[in-house]
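Note that ligands are numbered from 1 as they come in the structure, with each ligand's atoms numbered from 1 the same way. Since we're looking at a predicted model, the values are computed, not measured.
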Amino acid sequence: MVKNFIDIDDFNKTELDYIIKLAKKIKKKPKIFSNLCKDKTLGMIFEKQSLRTRLSFNIGMQKLGGRVLELNSKDIGFDNKRENPKDILNVLAQFVDCLMIRNDNHQQVVELGNQNIIPIINGLTEHSHPCQILGDFLTIQEHFKEYKDLKITWIGDFNNVLISLLHLQNIYKFKLDIAVPKKILQTKNPEITKFKNQKLNFLSELKDAAKQSNCIMTDVWLSMGEKNKNKIKYFKGYTINNKIMSLAEKNAIFMHCLPAKRGQEVASEVIDSKNSVVLQQARNRMFIQQAILLYVLEN
Ligand code: CP
Ligand code: NVA
């Protein structure tokens, strides 16, 4: 069976712990791992913009001794007009050992994974962003000794990053308070029911969500490919500023996957503050993805 990395909820705690532990080892002693992907090639397809994911996979794979090839989806015919995706994947498998995809078609990523030809890694879809959240969990573990007693807070849109965070919370069961504008939450009711557990709260008052939090997390109000640009009006009062941060614990960290829209979801006074760990998050993407690559490529 080929191993994929498509969603956090495809894994159990033991498997995720293994990947996180491996990432910590790679970060501590990178030289030990510098040859492990010798003769392996990672293919990458970005149908949407990317700075962090592109750099961290590319440099991360090279640091493991492997090669990276960026492919243009249209050029290789992934729009299903020239030949079918299974035939393309079979040909790709003659040259690359693993394929990372970022697109607006989660179903396609799942279907490619189900082909069981080469490992498929989800580099962000409209549905989820698992590499981001696992890297963020590594960052959280570097700041706090015990994640079980933490209260994490999400303030912002109901989007792909939040879905992956919900998957993670369902496995690790840390306390998670979520403040999403009511109008947006209403449209998500069927999705929310799946995630219910005692340590997960959807709150309408964002002050309650921020209170005594150890970690305040947010993301852009309009994700890439978002069609409903009008929804931005629902975020009045949702900008994370010093006032909101002051409700949290004194040593609370601020997290954002980036790119950020300063002045919208976060004020500069917060993203530039000493409690902000956004650059550490960006850097940790590399270690977690190196671990993911080793995990899916190992026989
Ligand atoms: N956080 C993140 O995935 O950044 P990019 O969109 O720049 O890859
Ligand atoms: N929710 C954002 C994440 C970017 C890394 C988006 O999809 O645009």
Give the residue, atom name and distance (to 0.1 Å) of the protein heavy atom nearest [atom].
atom                   : answer
atom 7 (O) of ligand 1 : Leu51 N, 2.7 Å
atom 4 (O) of ligand 1 : Arg52 NE, 2.8 Å
atom 2 (C) of ligand 1 : Arg285 NH1, 3.4 Å

>> As a test of understanding, state which of Val296, Thr41, Ile118, Ile292 forms a side chain to side chain contact (heavy atoms under 4.5 Å, CB included) with Cys98.
In response: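 For Cys98, the side chain to side chain contact (heavy atoms under 4.5 Å, CB included) check succeeds only for Val296.
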> Does the N or O separation between Asp219 and ligand 2 drop below 3.5 Å for any pair?
Replying inline: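 N/O-N/O distance below 3.5 Å exists for this pair.
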>> Minimum heavy-atom separation for Glu126 and Asn160, please, with both atom names.
In response: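 Closest pair (atom of Glu126, atom of Asn160, distance): O-CB, 3.6 Å.
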> Do you know which two heavy atoms are closest between Asp39 and Asp97, and how far apart they sit?
Replying inline: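 So the minimum-distance heavy-atom pair works out to O-OD2, 3.9 Å.
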Atoms in ligand 1 flagged as close to [X], the criterion being non-hydrogen separation under 4.0 Å:
X      : value
Leu258 : 1 (N), 2 (C), 4 (O)
Arg102 : 3 (O), 5 (P), 6 (O), 8 (O)
Cys257 : 1 (N)

>> So if I apply the side chain to side chain donor-acceptor pair (under 3.5 Å) rule between Thr53 and each of Lys48, Arg285, Gln289, Gln132, which one comes out positive?
In response: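 So, applying the side chain to side chain donor-acceptor pair (under 3.5 Å) to Thr53 and each of Lys48, Arg285, Gln289, Gln132, only Arg285 qualifies.
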> Looking only at atom types and distance, does a side-chain atom of Asn116 sit under 3.5 Å from a main-chain N or O of Val2, one as donor and one as acceptor?
Replying inline: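 Looks like yes, one N/O pair under 3.5 Å.
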> Nearest non-hydrogen atom to atom 6 (C) of ligand 2 belongs to which of Gly156, Ser223, Pro259?
Replying inline: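 Looking at heavy atoms only, Ser223 sits closest to atom 6 (C) of ligand 2.
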Where ligand 2 meets [X] - atom numbers and elements under 4.0 angstrom, heavy-atom basis:
X      : value
Met224 : 6 (C), 7 (O), 8 (O)
Leu124 : 3 (C), 4 (C), 5 (C), 7 (O)
Asn160 : 1 (N), 2 (C), 6 (C), 7 (O)

> Is the closest heavy atom of Leu258 to ligand 2 under 4.0 Å?
Replying inline: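 Distance cut 4.0 Å: Leu258 passes for ligand 2.
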> Centres of the Phe195 and His167 rings: under 6.0 Å?
Replying inline: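 Centroid distance Phe195-His167: below 6.0 Å, so yes.
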> Does some non-hydrogen atom of Gln281 fall short of 4.0 Å from ligand 1?
Replying inline: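 So Gln281 does not count as touching ligand 1.
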>> Both conditions, 6.0 Å and 45 degrees, for the charged tip of Lys3 above the ring of Tyr295: are they met here?
In response: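 Yes, Lys3 lies over the aromatic ring of Tyr295.
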>> If you count every heavy atom of other residues, nucleotides or ligands that lies below 6.0 Å from Arg262 atom CZ, does the total exceed 12?
In response: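 Check passes, neighbour count above 12.
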>> Between Glu269 and Lys243 (salt bridge meaning N to carboxylate O under 4.0 Å), is one present in this structure?
In response: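 Salt bridge between Glu269 and Lys243, a charged N being under 4.0 Å from a carboxylate O: no.
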> Purely on distance, is any nitrogen or oxygen of Arg54 under 3.5 Å from one on ligand 1?
Replying inline: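 No, since none of the N or O atoms of Arg54 sits under 3.5 Å from an N or O of ligand 1.
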